[in-house]
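Take a look at this one; I'll ask things after.
The analysis underlying the following values was restricted to heavy atoms, covering all of them including side chains, and did not include hydrogens, waters or symmetry mates. Bear in mind the structure is a predicted one, so any value in this text is a computation, not a measurement.
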Amino acid sequence: MSTICTQIKPDWDGTPVSMFAETLSLASSPITLILLAATVITLRFRNQWGALALVVAWSFYVSFLTILDPGNTFTTARAEGCLGSPTLFIVAVAAICILMIFYTAPNEARKT
């Protein structure tokens, strides 16, 4: 086991992490739970500016998971197998963002 995997996931048993397991892991992180709670509140009140702010926040979070890899830590951990691919999580986040934009968009029928 490499030193990166012992630092990122010290309780990792050596079996490769699947995409679904990684999605569940990312979905249960505190940042994701906070963003999901804010998303529910924004959708409840149909707040366009809140939806825009959350789309930006979700984008920064996904960018951190993919593009802003500090020192190739996540890439190396994925190659070793202690982190799975975040693709399914990114697709779910994209669906949430699209839902927020469409749901909070101005509707002419609602104004009358």
Side-chain angles (χ1 to χ4, degrees):
M1 196 167 4
S2 74
T3 58
I4 290 178
C5 287
T6 56
Q7 292 172 358
I8 293 177
K9 291 195 176 186
D11 57 344
W12 180 54
D13 61 358
T15 58
V17 177
S18 68
M19 187 184 309
F20 185 70
E22 186 67 21
T23 300
L24 289 177
S25 174
L26 290 170
S28 62
S29 72
I31 295 172
T32 304
L33 295 176
I34 291 168
L35 287 171
L36 280 174
T39 299
V40 168
I41 292 168
T42 298
L43 290 175
R44 165 63 182 93
F45 293 108
R46 287 187 183 241
N47 187 334
Q48 290 177 309
W49 290 105
L52 176 64
L54 281 169
V55 167
V56 170
W58 279 111
S59 298
F60 278 129
Y61 183 53
V62 167
S63 295
F64 173 74
L65 294 174
T66 56
I67 300 168
L68 303 176
D69 189 1
N72 289 331
T73 304
F74 297 149
T75 306
T76 306
R78 284 187 191 100
E80 302 262 339
C82 60
L83 286 180
S85 173
T87 305
L88 188 59
F89 180 75
I90 293 168
V91 169
V93 167
I96 288 170
C97 290
I98 291 169
L99 171 83
M100 276 194 302
I101 295 301
F102 282 136
Y103 190 75
T104 61
N107 186 354
E108 294 302 320
R110 262 192 288 151
K111 291 182 181 179
T112 58

Original post:
Do you know which two heavy atoms are closest between Val17 and Cys82, and how far apart they sit?
Top reply: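 Residues Val17 and Cys82, closest heavy atoms: CG2-O, 3.3 Å.
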
Original post:
Phe60 and Val55: same hydrophobic cluster, using ILVMFWY side-chain contacts below 4.5 Å?
Top reply: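 In one cluster with Phe60: Val55, no.
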
**OP:** Can you measure from CG (Leu65) to CD (Glu22) and round to the nearest 0.5 angstrom?
**Re:**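 The CD atom of Glu22 is 8.5 Å from CG of Leu65, to the nearest 0.5 Å.
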
Subject >> Thr42 vs Tyr103, side-chain contact (heavy atoms from CB on, under 4.5 Å): CA-CA, chis, key distance, verdict >> reply: CA-CA 10 Å; Thr42 298; Tyr103 190 75; over 6 Å; no

Subject >> Pro86 to Leu26 - nearest heavy-atom pair and separation >> reply: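 Closest approach of Pro86 to Leu26, heavy atoms only: CB-CD1, 3.9 Å.
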
Subject >> Note, Leu54 side chain near Ile96 side chain (heavy atom, < 4.5 Å) >> reply: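 Result no, sub-4.5 Å side-chain heavy-atom pair not found.
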
Original post:
Is there a chain of hydrophobic side chains (I, L, V, M, F, W, Y, each step under 4.5 Å between heavy atoms) that links Ile31 to Val56?
Top reply: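 They do not share one cluster, since no chain of ILVMFWY contacts under 4.5 Å joins Ile31 to Val56.
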
Original post:
Going hydrophobic residue to hydrophobic residue with side-chain gaps under 4.5 angstrom, can you get from Ile90 over to Leu99?
Top reply: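 Ile90 and Leu99: one cluster.
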
Subject >> Interatomic spacing from CZ in Phe74 to CD1 in Ile8 - rounded to 0.5 Å >> reply: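 Reported value, rounded in 0.5 Å steps: 6.0 Å.
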
**OP:** Please check if the side chain of Thr39 supplies one atom and the backbone of Leu35 the other of a donor-acceptor pair under 3.5 Å.
**Re:**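 It does hold such a pair.
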
Original post:
Are Trp58 and Leu88 joined in one hydrophobic group, where the rule is that I, L, V, M, F, W and Y side chains link up if heavy atoms are under 4.5 Å apart?
Top reply: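 Looking at the clustering, Leu88 is in a separate group from Trp58.
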
Subject >> Backbone of Thr104 reached by a side-chain donor or acceptor of Gln48 within 3.5 Å >> reply: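 Yes; judged by distance alone, with no hydrogens or angles, the pair exists.
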
Subject >> Leu52 reachable from Ile34 in the ILVMFWY side-chain graph, under 4.5 Å edges >> reply: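 As far as the 4.5 Å side-chain criterion goes, Leu52 and Ile34 are not connected within one cluster.
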
**OP:** Report the distance from atom CZ of Arg78 to atom CD1 of Ile4, rounding to the nearest 0.5 Å.
**Re:**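 That separation rounds to 12.0 Å.
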
Subject >> Side-chain donor or acceptor of Ser25 paired with backbone N/O of Ala21 under 3.5 Å >> reply: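 Side chain of Ser25 to backbone of Ala21, a donor-acceptor pair under 3.5 Å: no, none is there.
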
Original post:
How about Ser29 and Phe89: do any of their side-chain heavy atoms sit closer than 4.5 Å?
Top reply: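 In short, these two side chains do not touch, never coming nearer than 4.5 Å.
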
